[in-house]
Amino acid sequence: MTVFRMRAACVAFVLAFAGRAAAELTAKEREHVRALAAMLDDGSPRVRDGAEAALRAIGADAIPVLAEAPCAAGTPRRRALEELCRTADPVAARSRLREAAVATGDSGWREELVAMSKAAESADDVAAKVSAIFEKVRGRRSWSSSDPELGELVALGRPAFPLILDQARTGDRHEAAFLIERSLDRLSLPEDIPALRGVLLTGDADVVDHALARLANSGSFAAEQALVEAVRQGIMSFDIGRALRQARDRVAAGAAVLDWARKNPRAESWHAWPAAEALAALRPDGAVEAVAALAAAQTDAQGLCGVGSELLRLGDLRGADALLKLLRGESTDRSSDGWRLADCVKTLDRLTGLAHPDLHRSRGREDVDPAPYRKAADDFAAWLAENRAKLRFDAASGRWSQGAASPVDAAIAKQVERARKAVQAAGHLDSIGSDSPAVGYVTALGHDVVPTLVHLLETEPHHFPASAIFEFALDRLAEPGDVPMLRAALLRGCDDVTEALGGLAQRRAAGALDALIAAVEQGSAAGPVFRAISRSDSERRSVPAILAWMRKQPKGRIPPGFGTAAQFVAAEAHPRVLETLRPFAEAARGHHDGTEVGRALLACGDFGGFDLLLRAVADCATKLELNPEEKTTPWGGRDAVEALDAIAGLSRPMMPDVGMEDSDTGPALRWFQQAKSELDAWWAASKDRLVYHAGPRKWIDGDVAGRPERPPKEDPRLPPPVPPPGRGR
């Protein structure tokens with residue numbers, strides 16, 4: 001067949017298909033859509049994801065078949081239908097919904113379909129609004145997440161996505177790079193990966209890498225492959241490097257980043273640091289020398305601190321030499337030294353066991369006195385000169401040790417007493433941290449002191465600050481071989497060893513995660529155990545055990561750690577998560593874990609999560625108003641506001657500090673009162689239009705912000721449109 005005939009055949013096929021109405025799908029195609037709809041109820045996440053992807057590929061033509069029978073809100077079929085209405089072309093979706101409404105006959109489902117069709121606003125009107133927003137910000141050079149233009153753009157919904165992506169390709173994109181990047185991140189779905197990949201590979205990583213990195217972190221292998229391909233083509237950024245740290249194909253990602261580092265040994269810090277982070281996490285052969293070459297070329301504060309720290313995590317003491325250069329004032333960039341100097345001191349304190357607590361506070365862009373940092377550099381250099389040959393690096397745990405100490409009970413008692421006196425003299429009994437000098441005194445005894453610490457945590461009275469000192473020291477000293485001893489202590493009820501087990505589980509020490517799961521199965525788990533699991537169980541192996549633990553709890557109360565556990569299981573598309581969480585919704589109202597339970601319900605597509613979050617915001621505002629003297633920071637209320645703002649498309653400044661003794665609760669109270677007022681108004685206007693998208697697990701306003709000046713012509717066969725029934729709070 002000639003090229004001309006092939007082109008003619010393709011054109012004829014496209015025209016024939018375009019001219020066929022959605023209602024005229026072949027019988028085989030309609031049966032295929034019905035089979036995909038049945039797969040949405042399958043117990044396997046892979047089957048459900050495959051069915052959703054296949055329906056998205058069919059597009060708006062699948063809408064009439066999905067809408068043949070009424071779908072209750074929140075069911076898999078209803079979520080798939082709503083997602084198609086949002087992701088397909090708005091004009092096509094409106095037409096298919098009207099066809100479905102005509103076919104359903106006289107029923108409430110018909111009215112609901114008519115109301116859903118109202119959400120598809122004309123593409124021309126959305127384009128005009130997008131252009132107006134970008135015209136309004138033309139020439140601006142300063143950006144913030146609280147800018148109202150970002151909320152306006154996100155509120156336009158999915159129809160605005162291709163138009164924003166077009167802005168990313170224009171020559172003026174750098175004027176609004178932040179606006180484009182954040183709006184694409186909030187609106188992107190897995191089916192947008194090919195389009196985002198095309199923009200990324202043209203060199204526009206500064207505007208689309210954020211969205212692709214989020215999709216990769218949420219489990220999209222296609223997004224991960226796009227990032228790896230970009231690195232192979234010489235593109236690197238903070239979002240790309242940090243996303244590839246968790247790559248599923250570790251071999252391909254490690255090889256790509258290693259090749260990039262070898263080709264760019266003198267890369268600037270904003271490229272070298274994320275590459276070093278990825279190499280330290282992926283550990284391909286040759287990573288040490290590649291990161292060492294990057295560290296040797298760094299001259300600014302960010303590069304010296306970031307790349308040097310990653311080189312230490314790879315087991316090379318040349319990383320410490322890079323940190324010492326920064327502490328001695330050899331950085332050419334003074335603008336960020338205040339942020340990085342404190343990080344350098346903390347890292348070297350952990351390595352050497354020395355203590356410089358006065359230098360741990362980040363001073364930002366303040367004028368920094370270099371003398372104390374140079375003195376600290378001399379201390380570290382002297383210690384390293386004396387002990388460099390004794391230092392050992394354990395690749396399995398990723399930790400340095402100073403060789404075997406020979407502690408006896410008298411020695412540890414002396415160090416513990418010294419630690420107590422240091423803490424009491426400082427007067428900071430409520431602020432013991434892992435970097436405090438008291439912890440350093442105990443840590444300096446070395447790994448051999450671990451059994452003694454476990455014994456003290458199990459047998460001694462739980463007095464602060466001694467217990468906190470032992471706990472932090474145990475976390476810093478524990479090695480993979482200690483897992484059986486720590487597991488036995490945890491199962492005997494000693495929660496103080498949880499932090500050490502969690503750290504070992506994060507480093508993939510054999511048996512550490514199994515020990516935490518065993519505590520859940522035994523029924524002795526509490527908040528620390530669930531927090532450790534949420535930080536270390538990237539494969540979600542513990543989800544069945546946590547769900548079984550939840551089902552055993554009385555439905556009328558929220559046990560300790562329930563909120564953390566709910567957040568963890570909600571991130572997994574497990575078929576029994578929602579039915580397990582729903583019975584606890586009423587008990588979570590007004591509870592301090594109510595925000596976490598509410599966010600978990602929303603992540604699973606349950607409408608009742610909104611009630612818990614709105615209640616948490618109202619409770620925090622009332623608490624601050626009635627107790628102006630209380631200095632406790634309302635973190636739960638802040639998290640609830642941020643979660644609702646992300647769905648509503650609202651932007652606001654950060655919550656004012658509350659926790660300091662000399663801080664005033666008035667600004668925080670006004671912040672919560674304004675947030676409550678705005679969210680209540682948004683809720684009243686939008687609660688009947690909110691739609692849950694199962695693919696990206698997002699809630700999006702089902703109606704596009706604003707209305708066209710002239711409403712589109714109504715189908716004369718349909719009755720006048722009526723609003724959808726309210727769902728209530």
Side-chain angles (χ1 to χ4, degrees), residues 142-155 178-179 181-183 185-186 210 214 338-339 342 361-366 430-431 433 527 531 534 563-564 566-567 570 588-603 609-686 698-699 729:
S142 176
W143 291 94
S144 168
S145 298
S146 61
D147 290 334
E149 291 82 10
L150 178 59
E152 294 171 11
L153 200 56
V154 173
F178 183 86
L179 179 64
E181 177 189 65
R182 298 298 165 169
S183 58
D185 175 46
R186 294 192 187 182
H210 199 67
R214 181 187 58 78
W339 298 101
R361 185 174 71 88
S362 296
R363 289 172 170 79
R365 298 182 184 273
E366 301 175 11
D430 294 332
S431 60
R531 283 193 294 273
S534 66
T564 304
Q567 283 282 286
R589 288 172 57 88
H591 193 274
H592 58 80
D593 280 357
T595 297
E596 292 178 301
V597 177
R599 290 168 59 192
L601 289 172
L602 288 185
F610 286 105
D611 180 61
L612 291 178
L613 294 185
L614 290 166
R615 173 68 178 269
V617 177
D619 286 348
C620 280
T622 303
K623 184 177 181 180
L624 286 172
E625 185 175 5
L626 297 179
N627 302 284
E629 301 301 323
E630 187 170 348
K631 302 298 184 181
T632 304
T633 302
W635 298 116
R638 183 208 62 176
D639 293 344
V641 171
E642 291 181 353
L644 291 170
D645 279 349
I647 298 172
L650 299 175
S651 299
R652 67 183 74 253
M654 294 177 61
M655 182 188 73
D657 289 334
V658 175
M660 302 301 292
E661 293 181 0
D662 56 349
S663 62
D664 180 16
T665 57
L669 172 61
R670 290 189 290 273
W671 187 86
F672 269 103
Q673 288 174 335
Q674 181 178 359
K676 180 180 182 301
S677 175
E678 293 177 0
L679 289 171
D680 284 345
W682 164 78
W683 176 251
S686 305
K698 284 184 179 179
W699 287 88
R729 283 183 56 178

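Everything quoted here is computed from the prediction, not taken from an experiment.
We find the CD1-CZ distance between I647 and R186 to be 11.0 Å, quoted to the nearest 0.5 Å.
Of all heavy-atom pairs spanning S534 and T564, the tightest one is OG-CG2, 4.4 Å. Across A640 and V617, no two heavy atoms sit closer than the pair CB-CG2, 3.8 Å. G590 and R615 get closest at one heavy-atom pair: N-CG, 4.1 Å. Taking each heavy atom of L612 and A588 in turn, the nearest pair found is CD2-C, 3.9 Å. Contact detail for F672 and C620: the closest heavy-atom pair is CE2-CB, 3.7 Å.
A603 pairs by the side chain to side chain contact (heavy atoms under 4.5 Å, CB included) definition with A570, R697, not counting sequence neighbours. Scanning for side-chain hydrogen bond (donor to acceptor under 3.5 Å, both in side chains) contacts around Q673 gives an empty result, with sequence neighbours left out. With sequence neighbours excluded, no residue forms a salt bridge (charged side-chain N to carboxylate O under 4.0 Å, His left out) with D639. For A648, the side chain to side chain contact (heavy atoms under 4.5 Å, CB included) test picks out L650, W682, with sequence neighbours left out. Remark: W671 pairs with no residue by the side-chain hydrogen bond (donor to acceptor under 3.5 Å, both in side chains) rule, at least two apart or across chains. Judged as a side chain to side chain contact (heavy atoms under 4.5 Å, CB included), and not counting sequence neighbours, the contacts of A675 are V641, R652.
Remark: the backbone N or O of D185 is paired with a side-chain donor or acceptor of R214 at under 3.5 angstrom. The backbone N or O of Q567 lies less than 3.5 Å from no partner atom in the side chain of E596, so there is not a single donor-acceptor pair.
Using a cutoff of 4.0 Å between basic side-chain nitrogens and carboxylate oxygens, K623 and D619 are not scored as salt-bridged. D680 has a carboxylate O that lies under 4.0 Å from a charged side-chain N of K676, or vice versa, which qualifies the two as a salt bridge.
You'll find the side chain of T595 reaches within 4.5 Å of the side chain of L613, heavy atoms only.
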